[in-house]
Structure formats: C-alpha cells, structure tokens
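Comments concern the structure below.
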Amino acid sequence: MDTLEQRTISKISWRLLPLLMVCYFIAYLDRVNIGFAGASMSKDLGFSAAVFGSAAGIFFLSYFLCEVPSNLALEKFGARKWIARIMFSWGVLSAGQAWVDSATSFNIVRFLLGIAEAGFFPGVIFYITLWFPAAYRARIVGWFMFAIPISTVIGAPISGFILDMDGMGGMHGWQWLFILEALPAIFLTFVVLFYLPDGPQDAKWLTDEERAWLAKTLTAERQNRESIHKISWKQTLLNPKVIALGFVYMGITVPLYGLGFFLPQIIKGFGGLSNVQVGFINAFPYLVGAIAMIFWTRGSDRMKERKWFVLIPLACIVAGLLIAANTAAPVPKMAAVTLAAFGIFSALPTFWTLPTAFLSGTAAAAGIAWINSIGNLGGYIGPTIFGTLKDRMGNDVYAVMFLASLAVVAFALVFFMRHDTRAEGFDVKAPAH
C-alpha cells in the first residue's frame, strides 16, 4: 500500500473511530436497555407483552418520520453541532423513561426519544463517506457498528447489576437503569462539540499532502459514481433500488430488535436464573456477533465482494431463527439464536456498502437516511407483532418465525438486485499529486 494512503487512513481511523464507537455504544445501549428493563417494568406497571412491545417500538415510528430531515440538517449545520444536539436530547429523554407511570406516558416518552435520536446513525454513515474511500468502508462501518453487539456484551451484565439496585433510594431497579445509562450521552455531548471535525477541511491534524490525497481520491470516486448513477436527493426518495434496500435493511433490523427487546425475557423463561445470570447468557450471542462482524467486513473489503457477503449472513439469520422457533431446550435454542446473531451482525455493516456504492453528496445524505428510516420501521413492526403473537399463542414460536420471514424477504430482494461493481470504484485512483 502507498505510504501516504496508509498514513492518512490510519490517522483518520484513530482520530474518529474511537469517539464514534463510544457514542454509538451509548446510543444503542440507551435504545435497547428497555429490553433489560422489560420484565420488571412490565410487572411493576402492569403492562402486557403487547403493550410493552408497542411502546418499545413506537420509538421507531417517530424515528422514521424525522430521519431524512435530520440528515439534511446534519449536512447543512455540520456533523459536530448536529450530533452533539442529538446526543444531548436523547440523553435527557432516555433518562425520562424512569418516570413513566402508564402506557400513555411510556408511549409519549418513547415517541419523543425517536425524534431526538433520529439522524444519528445515518448521519454517521454519511459522515464516514466524507472521510473514507470505498475500499475501506465495510471494515470502517464494521468497527463503528461493532458498538451494537458490544453494547450488549458489556451492557447486559451491567444492566443486570443495576436492576438489582431495586429499592435503593425508593426507586425500582429499572428506573435506576434508565437514569444511569443516560448520563454518558449527556457527557459525550460536550466531547463531540469540542473534538469532532465537520469534515477533512477542518482536520488540522492531517498534513497538507494527506488532506490533498484524501480530497482527490474521494472526488475521483464521487465523479465515477455520478458518471454511472446521478440522482438528486429528492429522486432518492422514490428510487426503486433505494426503497428496496430499505426493505432489505428491515429484514435485518426486525430480527435485531425483536431479539434485542425480548431475548432477555425468553432467557428468563428458562427458569431459576438471576438478573445477572440472564445478562451474561444474553451477552453470548452478541459476543459471537461482534467477533464475526470484524472478520466478515475485512473479508468483504479484501475480496471486493458485497452482495454475497450480505446474502450468506441473511441465510444464517433465517436458519438460526427457524431452528430457535422449533426448539424448547435452553442450550440448542441459544445455539440457534447465536447462529442468527452471527448472521445479523455480519450483515449489518456489509449491507451499508450497497447504497454508498451509488449515492453521493446530498443524495447520499437523504438516501442513507431514507433507507435507515424504512429499515427501522422494523423496530416498530418487530416488537409490536412479536409481543402480540407471544400474548396470543402463549409462547414465542410463531413470534420468532415471524422474524425469520422478514429475513427471507430480504434475502430474495438482494439475490435479485443488480449490484454495479463499477460504481463501487474500488479501482478508481486519485489524480497524481
């Protein structure tokens, strides 16, 4: 590898990725800690599985409505200010969940939380395209999204310990959970505000030579994409491929959030387990997913292959969930869930190489947000239908099979989708410097 290229990518990675990963770690933990709070919270407030699932998922309804406007605002006002705004508002509202006392107040806070957090994830994906050439994006997105499984690997046991604070200070354990896990988001607001550059032009820590190489490389890739696919941000909202990718992403997020919200309760149903034990068992599939995520994305970049690196994990999601749905014994059920987790966390980062291969500039900001909006409707649909099926059937068999059915649809869409590797621009070089 060219020394200039290696030096530049290394500097950018070490400067940006640790902070972005920590931010997403906190964001995702605040998003799914409701799964850990679910059993005791539902008992204390008298929520059925359907009421809990609907309130948990309504977050994604407001998230859906605000994604595109938020990402366009990020491009206009800059990543630094907008991401800081997002983190502060979601931290305050996430803590606010500790004081809900009815299904109505729970729904209202969750809806507002969706508005607050909208734009964070697609904003960062768009932000990554401003810094990293195409050949690095799978692994970079993989490292960023590494925060998802790690937030459960680390967060599940911690959440278990916090839940055991029940009664301290006259509050329930689930109340302490929401408050203590929201505080880091508020603190990180100020770190982002003073540390995160808006783009390469603000990177004083890059030399002029490094900044020039990066600008030329990214410009050459953008021009290559636009010579093959040139669409406006408004056109992306009606583009069939963009919409199809949104439904593919839904096929990944429905299993992700369905398990995220209900797996702790499924494990609790094995019987005789403490909150801490449930936390550690719940963490295992996510640990496997975290390891798989890093190696899978490296393989995708190394082989310059995207489509099959999405299809194979989708097949694993389907197989794992179907086996889990038809297995009652704890060990085989958790083994099947672990196979599904491998698929989910391998598919997540490699999926995002598909839209960034043909979207650029404002169209990328809008398109990425639109795909994420459609996909994250799965965060509403998944828990709502999962909870309803679990209530009506008295078990999780049909609920888990529902999760698998969405992954089947995603597999079919990707399989028949044309992926233009020319637009990816792996072999596009910057003009001589």
With sequence neighbours left out, the residues meeting ring-ring contact (aromatic ring centres under 6.0 Å, His included) with Trp176 are none

Which pairs count as ring pair (Phe, Tyr, Trp, His ring centres under 6.0 Å) when at least one residue sits in residues 61-89, sequence neighbours excluded?
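Sorted result for residues 61-89: Phe59-Tyr63, Phe64-Trp370, Phe77-Trp82.
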
Side-chain contact, heavy-atom cut-off 4.5 Å: [X] with [Y]?
X: Ser13; Y: Phe132; value: yes
X: Leu311; Y: Lys307; value: yes
X: Pro355; Y: Tyr249; value: no
X: Leu17; Y: Trp131; value: no
X: Phe146; Y: Pro349; value: no
X: Ile9; Y: Trp213; value: yes
X: Thr297; Y: Met145; value: no
X: Leu314; Y: Ile252; value: yes

Could you pull out all residues at least two apart from [X] that satisfy salt bridge (charged side-chain N to carboxylate O under 4.0 Å, His left out)?
X: Arg15; value: none
X: Lys333; value: Asp396
X: Glu117; value: Arg31
X: Lys11; value: Glu210

Within 6.0 Å of CE in Met171, more than 12 heavy atoms from elsewhere
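Result for CE/Met171: enclosed.
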
To the nearest 0.5 angstrom, please state how far the [atom1] atom of [X] sits from the [atom2] atom of [Y].
X: Met250; Y: Ile371; atom1: CE; atom2: CD1; value: 12.5 Å
X: Asp198; Y: Asp202; atom1: CG; atom2: CG; value: 5.5 Å
X: Leu321; Y: Leu339; atom1: CG; atom2: CG; value: 8.5 Å

Donor on one side chain, acceptor on other, Tyr136 and Glu5, under 3.5 Å
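Yes, because at least one side-chain N or O of Tyr136 sits under 3.5 Å from a partner of the opposite role on Glu5.
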
For the residue pair [X] and [Y], what are the closest heavy atoms and their distance?
X: Val337; Y: Pro285; result: CG1-CG, 4.1 Å
X: Trp352; Y: Leu348; result: CD1-O, 3.2 Å
X: Ser89; Y: Ala116; result: OG-CB, 3.4 Å
X: Trp174; Y: Ala37; result: CB-CB, 3.7 Å
X: Ile86; Y: Gly119; result: CD1-C, 3.9 Å
X: Leu20; Y: Phe144; result: O-CE1, 3.4 Å

Residues in side-chain contact (heavy atoms from CB on, under 4.5 Å) contact with [X], at least two apart in sequence or another chain:
X: Pro184; value: Ile26
X: Phe295; value: Ile291
X: Leu65; value: none
X: Trp99; value: Ile179

Reference residue Ser300; test side chain to side chain donor-acceptor pair (under 3.5 Å); the match among Glu305, Arg139, Arg306, Arg137:
Arg306

For a quick test of your reading: what N or O donor-acceptor pairs under 3.5 Å do the side chains of residues 405-416 make, sequence neighbours left out?
unit_1: Ser405; atom_1: OG; unit_2: Phe402; atom_2: O; d: 2.6

Return each pair, listed once, that meets side chain to side chain donor-acceptor pair (under 3.5 Å) where at least one residue sits in residues 309-319; pairs must be two or more places apart or across chains.
none

Evaluate salt bridge (charged side-chain N to carboxylate O under 4.0 Å, His left out) for Asp208 paired with Arg211, printing each intermediate quantity in order.
CA-CA 5 Å; Asp208 290 342; Arg211 201 179 298 111; 3.1 Å; yes

For Thr350 and Ala347, indicate whether the former's side chain and the latter's backbone hold a donor-acceptor pair under 3.5 Å.
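Checking the backbone N and O of Ala347 against the side chain of Thr350, a donor-acceptor pair under 3.5 Å is found.
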
Where do Arg7 and Glu209 land on the salt bridge (charged side-chain N to carboxylate O under 4.0 Å, His left out) test, with the steps shown first?
CA-CA 11 Å; Arg7 187 172 71 242; Glu209 184 185 28; 3.4 Å; yes

